[in-house]
Every structure is written in C-alpha cells, then in structure tokens.
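Each remark here refers to the structure printed beneath this line.
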Amino acid sequence: MGEPAAGGAPRGRRLDLRAVPSVMIAWITALACGALETSWCLVVAATLAAGGGLLLALGYRQRRTAPRARTMTVTFALAGVLGAAVAVHCAVAVSKREVGPLAHVIQAGGGVVMDLLITDSPRKASSFGHEALGQAESGNAGEGRWTVSAALLDVTSSGTVVRGSADIAVLGGEAWRNVHPGDRVRTTGVLKDVREGQSQTAVLSVSSAPLITGARFDIRGPAGLLRESFLNAARWLPGDAAGLLPGMVIGDTSGLPESLKTDMKTTGMTHLTAVSGANCSLVLGGFVLMARCLRLSRPVAAILASCGLVAFVVMVGPDPSVMRAALMGGVGLASLVGGWRGRSLTFLCLSATMLLLMDPPMASNIGFLLSVLATLGIVLLAVRIAAWIPPRIPRWLAVGFAVPLSAQLLCTPVIVALQPQFTPYALLANIIAGPLVAPVTVLGTIAVPVSGVVPGLAWPLIAGAGTGAALVAATARFMAGLPGAALPWAEGFTGVAAMAVFSGLTLVVVWVLLHPRTVMVHAGDLHCRITAWLERHTEPRNVRSGRAARGGLAASKVQDDEKPNSQAGGDRAAEDCSRSLSRPGEPP
C-alpha cells in the first residue's frame with residue numbers, strides 16, 4: 001500500500017486488480033460445478049477453455065494497436081483457462097463419486113458394515129461449516145457428536161463385500177472421541193452423499209461404537225510422535241491453559257473445555273483455538289528474521305522460510321484448514337522477500353486461486369471464505385486505518401487496533417449469517433489477546449520438537465506459552481461474562497445486509513473519531529455554504545416584493561442589477577467564513 005503520507009493517508013502505487021478476475025471465475029466455477037454432473041462439468045470446462053483461447057488470440061492481435069486493451073483481454077483469457085482447469089478437477093471428483101466403489105452402496109441405501117482405517121484425530125462436530133457433516137440428516141445434532149476422517153478398507157452391504165479406496169467422513173457419538181490415527185475399526189451405519197464443500201467421498205452416520213479389529217498401524221510418523229510428546233508435556237498446565245495451548249500451537253482442540261469454547265465463540269476469538277494464517281505468518285516471520293540476522297540473501301531467506309513453513313505444516317498435520325492457513329499466511333512472504341510490498345492483493349488472489357485449483361470443494365467452505373475475507377480486509381484496510389491514527393500513538397498499538405478491526409469488518413456479515421448474534425466486545429477482546437498470540441505461537445512451536453528430543457528442556461518454553469494461553473482464556477471468559485456480550489441479531493438476508501451497513505458505518509465513525517479537526521472544518525464549511533445559499537435565495541425575494549409594491553419597472557431593473565452583486569457577496573461571505581474556520585485565531 002505504500003508508506004503513509006504526511007496527511008495520514010497511505011501513499012503508494014494503486015491496487016493491482018489484474019488477478020481478481022481469475023479468482024472470481026475460479027470461485028464461481030467451483031461453486032457451480034460442485035452441484036453438476038460430470039458431463040456438465042466438462043461442458044463448462046470446454047466453454048471456458050474456448051473463451052480463454054479466443055481472448056488470447058484477440059490479445060495477440062492487440063499487442064501493437066491497443067496495449068492497454070490487450071492487458072485486460074489477456075487477464076480475462078487467463079481467468080478462463082484457470083476456470084476450465086477448476087471445472088476439469090470438479091469433473092474428476094464427481095466421476096469418482098458417481099462410479100467409485102461406494103456409488104452403488106449409497107444409492108441402495110440401508111445399513112452397512114464397514115472396516116475403516118482412522119487417518120486423523122477426532123474433532124468435535126461444529127454447528128456450522130463442513131465439519132457438521134450432515135448432522136441434520138443423522139437426527140443427532142445435539143451435544144456429544146464427533147467427526148473423524150478414515151480410509152475405506154471394505155464395506156458389506158446386502159451381503160456383498162466391496163473393497164476399494166475412498167475417504168470417509170465418520171459422524172459418531174462420544175465413543176468415537178477415543179479412537180486414534182492408525183486404528184483399524186469396524187462399525188455399522190448408513191452411508192450418505194457428502195455436502196458441498198466436503199472433499200470426502202461419503203459420510204458415514206454410524207449407529208454403533210467403534211470395534212478395534214487389529215493392532216494399531218502407525219501412520220503418524222515422526223510428526224505425530226512430536227505432537228503426542230508435546231500434548232503429554234503440556235498436561236501439567238492448569239485447566240484452560242492445558243486445553244487451549246495445543247489448539248493455538250498444533251490445532252488440537254480435543255482437550256479444550258466446552259465452556260471455554262463457548263466463551264471464545266461468544267467473544268469472536270474462535271480463530272485462536274486452531275492453527276490460522278497468523279500462526280503461519282509468525283513462523284515465516286521468525287525464519288525471515290533469522291535469515292536477516294545471518295545476513296543471508298533474499299532468495300536464500302525465501303527458501304529457508306518456505307522450508308520452515310513446510311516443516312510446521314507437517315508437524316501440525318496437513319489438514320485442509322492447515323493448508324489453507326499456510327497458503328494464506330504465506331501471502332506476504334513473496335512480497336516481503338521479493339520487495340513487492342504493494343502486491344498483497346495480487347498474492348492473495350493467487351493463493352486463493354491455487355487453493356481452488358487443488359481442492360475445488362473448498363469454494364463452498366465457510367472457513368475458506370472467512371480466511372479470504374479476513375486477509376482481504378487486512379490487505380485493503382489495515383494500512384489505511386493505521387495511517388489514520390495520530391503519529392503520537394505507538395505504531396505497534398495502531399497496527400494492533402487496525403488489523404483486527406479491518407478483518408472483522410469484512411467477516412462479521414458472514415458470521416451473523418451463520419450465527420445471528422452481535423458481539424460488541426469482539427474487537428476489544430481481539431486487541432487484548434493479539435499481543436499474546438506471538439509469544440504463545442513462537443514458544444509453543446519451539447517446544448514441540450524440544451519436547452520430543454529433550455523433554456526436560458521443554459518445560460520453561462511450555463510454561464511461557466501456557467501463561468500466554470491462560471491470559472487469552474481469561475480474556476475470553478471475562479469478556480463473555482460482561483452484560484450484553486451476545487446480543488440477538490436479525491436472521492437471513494436482512495441480518496447480513498444490516499451487518500454490512502453497520503460495518504460500513506463503523507468504518508465511517510472510526511474515521512470521524514480519528515479526524516476531529518478535519519470534520520470540524522468540513523462541517524463549518526458546509527454551514528457557511530448553506531448560510532450563503534439561503535442569503536442568496538431569500539433576500540432577493542424580499543427586495544423584489546417590497547420594490548414591486550413601490551414602483552413597477554424601475555424596481556425590477558434595480559433588482560436585476562443587485563442580484564449578481566448579492567450572489568457575489570454571498571460567495572465572498574462563504575469563502576471568508578470557510579477561511580476563518582480553517583485558520584482559527586486569525587481575522588477573516
């Protein structure tokens with residue numbers, strides 16, 4: 001965005017919008033093809049590819065005659081090609097579900113017996129997003145529902161055994177919270193189609209507890225062992241810290257108390273309970289800082305930071321949400337290391353496009369939408385809001401206020417669509433908790449490998465990170481206990497539109513509060529102009545009516561002569577009034 005100018009507005013190059021059509025067309029294509037059959041997905045792909053090819057040919061002809069028009073043409077041509085690639089990926093995914101090993105079993109309905117290999121740790125089923133995994137269909141949308149990812153070994157339906165490869169999302173009760181990655185289990189239930197936004201092949205709504213059928217197959221690798229050692233090393237922390245620290249560092253929320261989870265949702269701090277783009281940005285920043293201390297070149301620093309981020313993702317676990325956070329967190333890496341600080345919007349669009357190319361069902365994922373909106377708010381608004389704050393305020397405090405505010409302004413309309421309530425303390429809670437995220441993430445991330453290699457040296461790191469996590473939890477509990485912490489809000493489109501208007505008004509109010517002198521000058525100028533306008537349009541009428549009663553044509557002539565003089569006098573009065581307001585203490 002550039003550096004702030006003297007007047008407080010950010011100064012620099014204009015936003016580069018050339019990557020916006022690509023992400024928009026890719027997103028729309030992924031949403032549309034997610035509800036289409038394979039043949040229609042291929043039709044969409046062919047149409048977009050043909051349109052992109054025609055635009056490329058047109059751009060080639062415009063290379064000399066109209067260079068600016070050629071740039072726009074090539075931009076939309078690239079968007080068409082990327083949209084075609086997304087449509088092809090959707091067609092492949094849909095075909096796997098239509099002709100895969102589970103297609104006939106799902107169409108037949110009825111109960112099934114499945115042998116599964118657990119591939120991930122259980123997670124508490126949330127009330128919205130892709131993790132809900134069809135709670136409404138199962139009829140058990142209450143408390144105690146857990147989701148876990150598994151790989152198909154075999155399925156028995158109507159006396160027929162089917163074997164194949166497929167990813168299954170299991171939705172079960174409390175008994176499923178105790179399974180571990182690598183367990184071979186047998187269970188019964190009903191297979192259902194996945195919802196939009198899910199990358200699995202099918203959803204299994206189970207009707208029985210898991211039955212362990214064999215020795216655990218270790219699929220965790222070294223990263224899984226490090227995570228387990230970190231969890232064991234953090235068990236000595238008290239209450240909230242023991243449950244929140246693993247969530248903030250490695251994304252494991254299995255030990256998070258339900259009451260704390262509710263309080264963090266109430267105060268708009270849910271994003272702190274899992275690995276997010278902020279964690280990945282801190283990891284990247286740490287490696288870049290280390291590279292600077294070692295006086296490494298920019299390319300070497302970029303390679304070092306990228307390797308560190310990959311190691312962090314492997315350590316946490318390559319879940320879709322973690323991959324999304326890693327890519328969003330790396331938006332600023334290329335701009336920072338490559339010297340392109342004003343290209344944040346371009347890198348955001350490229351990151352979102354890459355995610356849609358790799359996993360098109362993510363287009364209808366609420367978490368992905370919130371990640372993009374939060375990053376977009378920071379890219380577009382954070383620098384401007386921070387520039388509005390007077391220079392006497394410390395820069396770190398200005399940024400600490402601008403970043404959560406800009407992210408919340410864009411995310412809140414989507415959040416109220418999912419959960420129709422207004423959280424008036426969310427901004428304050430995030431501002432207080434913001435400075436604590438960095439030490440928790442840095443110390444906790446260092447403690448993960450240390451706890452696996454030298455457990456005795458990990459306790460001071462865990463103590464420091466646990467103290468920060470405890471303060472974050474205390475902030476959430478205190479804010480959630482204040483009066484009016486969760487106010488009701490309108491549902492549906494009305495609530496979303498009202499919150500969008502409220503977000504816009506909030507931005508205006510912040511500008512007004514941070515520019516009181518400018519507001520007073522403009523208000524005074526408006527007052528002077530209104531006064532001059534009233535004098536110009538009311539006084540001649542009085543003069544005309546008085547003089548018309550005294551004498552006919554001569555009075556009309558005098559009135560016509562005085563009207564320009566009155567108008568000029570009103571304009572001069574307005575200018576003098578404005579000058580006196582803009583320079584207080586000086587005579588007009």
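In what follows, every heavy atom counts, from backbone to side chain, and hydrogens, waters and symmetry copies are set aside.
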Looking only at atom types and distance, does a side-chain atom of [X] sit under 3.5 Å from a main-chain N or O of [Y], one as donor and one as acceptor?
X      : Y      : value
Ser451 : Val448 : yes
Ser229 : Leu226 : yes
Thr267 : Ala429 : no
Thr494 : Ala490 : no
Trp27  : Ala363 : yes
Ser205 : Leu171 : no
Asn430 : Ala426 : yes

[atom2] on [Y] to [atom1] on [X], rounded to 0.5 Å:
X      : Y      : atom1 : atom2 : value
Leu211 : Arg184 : CG    : CZ    : 14.0 Å
Tyr425 : Thr266 : OH    : OG1   : 12.5 Å
Leu369 : Leu373 : CG    : CG    : 4.5 Å
Cys411 : Ile366 : SG    : CD1   : 11.0 Å
Ile28  : Cys33  : CD1   : SG    : 11.5 Å
Leu350 : Leu357 : CG    : CG    : 10.5 Å

Before you tell me yes or no, could you show the steps for Leu191 and Leu102 under side-chain contact (heavy atoms from CB on, under 4.5 Å), namely the whole-Å CA-CA distance, both residues' side-chain angles and the distance that decides it to 0.1 Å? CA-CA 9 Å; Leu191 278 175; Leu102 299 179; 4.0 Å; yes

So which heavy atom on [X] is nearest to which on [Y], and how close?
X      : Y      : answer
Val161 : Arg163 : CG1-NH1, 3.9 Å
Ala26  : Thr353 : CB-CG2, 4.4 Å
Ala465 : Val440 : O-CG2, 3.5 Å
Ala77  : Leu55  : CB-CB, 3.5 Å
Val170 : Ala150 : CG2-CB, 4.2 Å
Ile378 : Val403 : CD1-CG1, 3.8 Å

Under a 4.5 Å cut-off applied to non-hydrogen side-chain atoms, are [X] and [Y] in contact?
X      : Y      : result
Leu410 : Ser406 : no
Trp176 : Val185 : yes
Thr29  : Val44  : yes
Asp183 : Ile212 : yes

Look at the aromatic rings of Trp489 and Phe422 and report parallel, tilted or perpendicular, splitting at 30° and 60°.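 Plane angle between 30° and 60°, so tilted.
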
Verify side-chain contact (heavy atoms from CB on, under 4.5 Å) between Asp167 and Leu152, making sure each step is shown before the conclusion. CA-CA 6 Å; Asp167 294 328; Leu152 173 66; over 6 Å; no

Determine, step by step, whether Ser208 and Thr187 satisfy the side-chain hydrogen bond (donor to acceptor under 3.5 Å, both in side chains) criterion, reporting the C-alpha distance in whole Å, the side-chain angles of both residues, the deciding distance to 0.1 Å, and the verdict. CA-CA 6 Å; Ser208 63; Thr187 187; 3.2 Å; yes

Among Asp154, Thr156, Asp115, which one satisfies side-chain hydrogen bond (donor to acceptor under 3.5 Å, both in side chains) with Arg186?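 Between Arg186 and the candidates, side-chain hydrogen bond (donor to acceptor under 3.5 Å, both in side chains) is satisfied uniquely by Asp115.
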
Side chains of residues 233-241: which donor-acceptor partners sit under 3.5 Å, not counting sequence neighbours?
from   : atom 1 : to     : atom 2 : distance (Å)
Arg235 : NE     : Asn232 : OD1    : 3.1
Arg235 : NH2    : Asn232 : OD1    : 3.3
Trp236 : NE1    : Ala233 : O      : 2.9
Asp240 : OD1    : Arg477 : NH2    : 3.1
Asp240 : OD2    : Arg477 : NE     : 2.7

Verdict with reasoning, Val113 to Val155, per side-chain contact (heavy atoms from CB on, under 4.5 Å): CA-CA 6 Å; Val113 179; Val155 55; over 6 Å; no

Quick one: do the Thr412 and Ser503 side chains pair a donor with an acceptor below 3.5 Å?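 The criterion, which ignores hydrogens and geometry beyond distance, is not satisfied for Ser503 and Thr412.
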
Residue pairs, two or more places apart or on separate chains, that pass salt bridge (charged side-chain N to carboxylate O under 4.0 Å, His left out) and touch residues 41-51: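 Counting only pairs at least two positions apart or across chains, no salt bridge (charged side-chain N to carboxylate O under 4.0 Å, His left out) contact touches residues 41-51.
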
With sequence neighbours excluded, what pairs up with Ser207 under the side-chain hydrogen bond (donor to acceptor under 3.5 Å, both in side chains) test?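 Checked Ser207 against side-chain hydrogen bond (donor to acceptor under 3.5 Å, both in side chains); matches are Thr188.
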
Are His89 and Val86 close enough, and set up right, to give a side-chain contact (heavy atoms from CB on, under 4.5 Å), and what steps lead you there? CA-CA 5 Å; His89 194 161; Val86 171; 5.7 Å; no

Heavy-atom count around Gln421 CD within 6.0 Å, excluding the residue itself: above 12?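 Atom CD in Gln421 is packed in, count exceeds 12.
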
